[in-house]
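Notes for the one structure printed next.
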Amino acid sequence: MIEQQIKTAIRDIHDFPKPGIIFKDITPILKDPGLCTRINDAFLEKIKDMQIDAVAGVESRGFLFGLSLATKLGVPFIPVRKAGKLPHTVNQKVYELEYGTATIEIHTDAFKPGDRILIHDDLLATGGTVTATSELIQDMGGIVAGFSFVVGLSFLNGIEKIAPISNNIIVLADY
Ligand SMILES: O=P(O)(O)OC[C@H]1O[C@H](OP(=O)(O)OP(=O)(O)O)[C@H](O)[C@@H]1O
Ligand SMILES: Nc1ncnc2[nH]cnc12
């Protein structure tokens, strides 16, 4: 089963990037092309009835499967980047982190108003990053069609945070 295969591949790194955090390292997945293909296929099977016009992937680990999903679906990929990285004109959203704030940006011409967008990231923790992404997409006239994650940390209640935005939430491996 795909969930078990993902969990077997992922390694826990204790106290990274700071004391007390157990970091879910997905890089062993990337060394296994067969597993990457099965992850893509699992997403595609769950996404197929969502009528997606574009996939938005969140920097940086959201780019890994986000682009391959968009390519397989035959739709555009939208890079959602941290402030100052995108070269063309941008719209931006400032959001709260555990301490301080962060800013994400999307190119102003990344999609059309009314487009149905799947937001993809490698991991759902508190849901702060994808909530800010959703708000930015909605401010720009897009519709959040759903979310997809390789990993979910359900003890951080991210699903409760994002469910009011869209109930189409795909998590392949839940902790
Ligand atoms: O649900 P949240 O609490 O918002 O946390 C999840 C986000 O945190 C990680 O990204 P990070 O900021 O570490 O950046 P990276 O992908 O560039 O490593 C992860 O890839 C998600 O984007
Ligand atoms: N525990 C964790 N492991 C990997 N990425 C994360 N992003 C936020 N929390 C994380």
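Both counts, for ligands and for their atoms, begin at 1 and track the order of listing.
More than 12 non-hydrogen atoms from other residues, nucleotides or ligands lie less than 6.0 angstrom from NZ of K7.
Distance screen at 4.0 Å: atom 3 (O) of ligand 1 has a protein heavy-atom neighbour inside the cut-off.
For ligand 1, the atoms lying closer than 4.0 Å to a non-hydrogen atom of T126 are 1 (O), 2 (P), 3 (O), 4 (O). If you number the atoms of ligand 2 from 1 as listed, the ones under 4.0 Å from a heavy atom of L153 come out as 1 (N). Shown in contact with E59 at under 4.0 Å from a heavy atom are these atoms of ligand 1, numbered in order with element: 16 (O), 17 (O). The contact set between ligand 2 and R61, taken as ligand atoms under 4.0 Å from a residue heavy atom, comprises 4 (C), 5 (N). Within ligand 2, counting atoms from 1 as listed, the ones closer than 4.0 Å to a heavy atom of K24 are 2 (C), 3 (N), 4 (C). Using a 4.0 Å cut-off to heavy atoms of A125, the atoms of ligand 2 that qualify are 8 (C), 9 (N).
Checking N40 against S68 by side-chain atom types alone, a donor-acceptor pair falls below 3.5 Å.
In this comparison of G128, S60, A125, G127, the heavy atom closest to atom 5 (O) of ligand 1 sits on A125. Checking L97, V151, V80, D121 against atom 21 (C) of ligand 1, the nearest heavy atom belongs to D121. By heavy-atom distance, the residue among R61, K161, K24 lying nearest atom 13 (O) of ligand 1 is R61.
Within the 3.5 Å criterion, the main-chain N or O of S148 finds a donor-acceptor partner in the side chain of H120.
Using a 4.0 Å cut-off between a side-chain N of Lys or Arg and a carboxylate O of Asp or Glu, D25 and R11 qualify as a salt bridge. Note on K112 versus D115: salt bridge recorded, some NZ/NE/NH1/NH2 to OD/OE distance being below 4.0 Å. Using a cut-off of 4.0 Å between Lys/Arg side-chain N and Asp/Glu carboxylate O, D139 and K93 are scored as salt-bridged.
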Which is it for D121 and R61 under the salt bridge (Lys or Arg N to Asp or Glu O under 4.0 Å) test, yes or no, and what are the steps along the way?
-> CA-CA 7 Å; D121 208 344; R61 285 174 273 149; over 6 Å; no
For the pair E59 and R81, evaluate salt bridge (Lys or Arg N to Asp or Glu O under 4.0 Å) and give the outcome as yes or no after the intermediate values.
-> CA-CA 5 Å; E59 181 177 354; R81 298 213 62 181; 3.0 Å; yes
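Seen from the ring of F65, K72 does not count as a face-on cation partner, given the 6.0 Å and 45° thresholds.
Ranking protein heavy atoms by distance to atom 7 (N) of ligand 2, first place goes to L123 CD2, 3.6 Å. Atom 7 (C) of ligand 1 has as its closest protein heavy atom T129 OG1, 3.7 Å. Scanning all protein heavy atoms for the shortest distance to atom 6 (C) of ligand 1 gives L123 O, 3.6 Å.
Residue contacts with ligand 1: V58 is placed with no nitrogen or oxygen under 3.5 Å of a nitrogen or oxygen of the ligand (distance criterion only).
If you look at D122 next to ligand 1, the close heavy atoms, those under 4.0 Å, all belong to the side chain. When non-hydrogen atoms are compared, ligand 1 lies under 4.0 Å from the side chain of K82 (C-beta onward) but not from its backbone. If you look at I22 next to ligand 2, the close heavy atoms, those under 4.0 Å, all belong to the backbone.
Linking Ile, Leu, Val, Met, Phe, Trp and Tyr residues whenever their side-chain heavy atoms come within less than 4.5 Å places I78 and Y95 in a single cluster.
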